[in-house]
Amino acid sequence: MSAPLDPPPVERIPREIWVLIASAFVIAVGFGLITPVLPRFAQSFGVGATASSIVVSAFAFFRLIGAPGGGRLIGRFGERPIYLAGLLIVAASTAATAFANSYWQLLLYRSVGGIGSTMFTVSALALIVRLAPASIRARVSSSYASAFLIGGVLGPVVGGMLGGFGLRVPFLAYAGFLVVAALVVAVLIPGEPRGAGRAAADEREVLTLRGAWPDSAYRAALASGFANGWSTFGVRNAIVPLFAAAAISTATWVAGAALAVFAAGNAVALLALGRRSDRVGRRPMVMGGLVISGLAIGFTGLAAGLATLMIWSLVAGIGAGMMNPAQQASVADVVGRERNGGPALAAFQMAGDTGAILGPIVAGSLVDWGSYPLAFGVTAAISLAAVLPWWWARESSPGKQSAATTPADDPHTTY
């Protein structure tokens, strides 16, 4: 009778990723400070829902156009310098936003921040993809996203209260949080991360959008990334605060509470389900999350009271929390640790930013010329439509490959 085999050791999250997770928490708290007040700050200059939504879209637009350049800067200077530079650019633009004296100044200062945002976002994602062991990719994505979401729970609540002291105060506080995040990374990651030397990175095969496109899992991730950008980063940040003020209460804490409850739902789902896609696969988690979040955002537009708004915000957050770690882990599966996935990762981010650009503009126009339920209903349809590419996509999770996977879908034979 043979002795039982010892269980395989559980791989640990590398120290450098823990530093990025801590920094993500600080950034998220700061970003959450301004989300409840930004649309109303824009409207304080005498503009409507469409113009105030454009401020949110402009930030995403400059993230979009900055993504290719950000990938090239990372290849030339390394992830850490670009990460730090990006944080400081957003800090400076946010501080300037606090002193905007017109709508056009607000639009300009907020737009510049989008360039810095794409620099630190792509840098962080490139580091995580490279440093995360394949067997715990969803766990790493879940931990990183949890830091953002837990910070996102605290930020809107505090931001809503700070807004009572003036709509400009949260922007100054956010700038301070970004400086703190930069200091955390500068001190705790003083040079190139262990095992991530520039020479080794330069020798890896570069995976471009054209190279990744034949993979059905990557195409599905682009679709869900677009839908998530439209709904979560676009309509939720731009339209929900306006809806809360128009239909529930003009008190800034109400919008902050709705955003915080959404973030709390995200955090609950991430903590409870974030790692499951490593075991059950990416596809079920993404498709389930899209359906839940899509239906919830649709019903949000029908909320007639504070309790109903909070319930649907919570459900929408749970759906987004189910989807995001699995979606990001699927992209990491496609890229792999053996390739430089900067261009492919930048394209994935650009898909989300495109949704975040179009979502507020379209939804804001539907509010001005139609109604809030119409705007939220169209957003729900976008999320539900993104389920279809995942229905036909291959399962990319290591050890959970779909029986329908073909050689053309296998990243090791496609490229």
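Keep in mind that this is a model prediction, so the values were computed, not measured.
For Glu395 (side chain) and Arg282 (main-chain N/O), a donor-acceptor pair under 3.5 Å exists by modelled atom type. A donor-acceptor pair is defined here as one N or O able to donate and one able to accept, closer than 3.5 Å; such a pair exists between the side chain of Ser216 and the backbone of Arg394. For Gln327 (side chain) and Met323 (main-chain N/O), no donor-acceptor pair under 3.5 Å exists by modelled atom type. Remark: the backbone N or O of Ser231 is not paired with any side-chain donor or acceptor of Arg236 at under 3.5 angstrom. Within the 3.5 Å criterion, the main-chain N or O of Ala221 finds a donor-acceptor partner in the side chain of Ser224.
Met310 and Val261 make their closest contact through O-CG1, 3.3 Å (heavy atoms, listed as atom of the first residue, atom of the second, distance). Here the closest heavy-atom approach between residue Ala375 and residue Val367 is recorded as CB-CG2, 3.8 Å. Of all non-hydrogen atoms in Trp390 and Ser330, the two that sit nearest each other are CH2-OG, 3.6 Å. Of all the heavy atoms in Leu384 and Leu290, the pair that sits closest is CD2-O, 4.2 Å. Counting all heavy atoms, side chain and backbone alike, Phe243 lies closest to Ala303 at CZ-O, 3.6 Å. Here the closest heavy-atom approach between residue Phe45 and residue Tyr103 is recorded as CG-N, 3.6 Å.
Cation-pi geometry between Arg168 and Phe99 is not met: the NZ or CZ atom fails to fall both under 6.0 Å from the ring centre and inside 45° of the normal.
Looking only at side-chain heavy atoms (C-beta outward), Ser52 and Leu242 come within less than 4.5 Å of each other. The closest side-chain heavy-atom distance from Phe177 to Val180 is not below 4.5 Å. Between Val254 and Leu306, the closest side-chain pair of non-hydrogen atoms falls below 4.5 Å.
Judged by distance alone, the side chains of Trp230 and Thr379 do bring a donor and an acceptor atom under 3.5 Å apart. A donor-acceptor contact under 3.5 angstrom links the side chains of Tyr83 and Ser23, judged on distance only.
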Please report, to 0.1 Å, the donor-acceptor pairs under 3.5 Å made by any side chain of residues 357-365, with sequence neighbours excluded.
unit_1: Ser365; atom_1: OG; unit_2: Ile361; atom_2: O; d: 2.9

Return all side-chain donor-acceptor pairs below 3.5 angstrom for residues 110-129, not counting sequence neighbours, or 'none' if the list is empty.
unit_1: Ser111; atom_1: OG; unit_2: Leu107; atom_2: O; d: 2.6
unit_1: Ser117; atom_1: OG; unit_2: Arg63; atom_2: NH1; d: 2.6
unit_1: Thr118; atom_1: OG1; unit_2: Arg63; atom_2: O; d: 3.2
unit_1: Thr118; atom_1: OG1; unit_2: Gln349; atom_2: NE2; d: 2.3
unit_1: Thr121; atom_1: OG1; unit_2: Arg63; atom_2: NH1; d: 3.1
unit_1: Thr121; atom_1: OG1; unit_2: Ser117; atom_2: O; d: 2.7
unit_1: Ser123; atom_1: OG; unit_2: Met119; atom_2: O; d: 2.7

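By the 6.0 Å contact criterion, CZ on Phe61 is open, its count of non-hydrogen atoms from other residues, nucleotides or ligands being 12 or less.
Applying the ring pair (Phe, Tyr, Trp, His ring centres under 6.0 Å) test to pairs two or more places apart or on separate chains, those with a residue in residues 287-324 are Phe299-Trp312.
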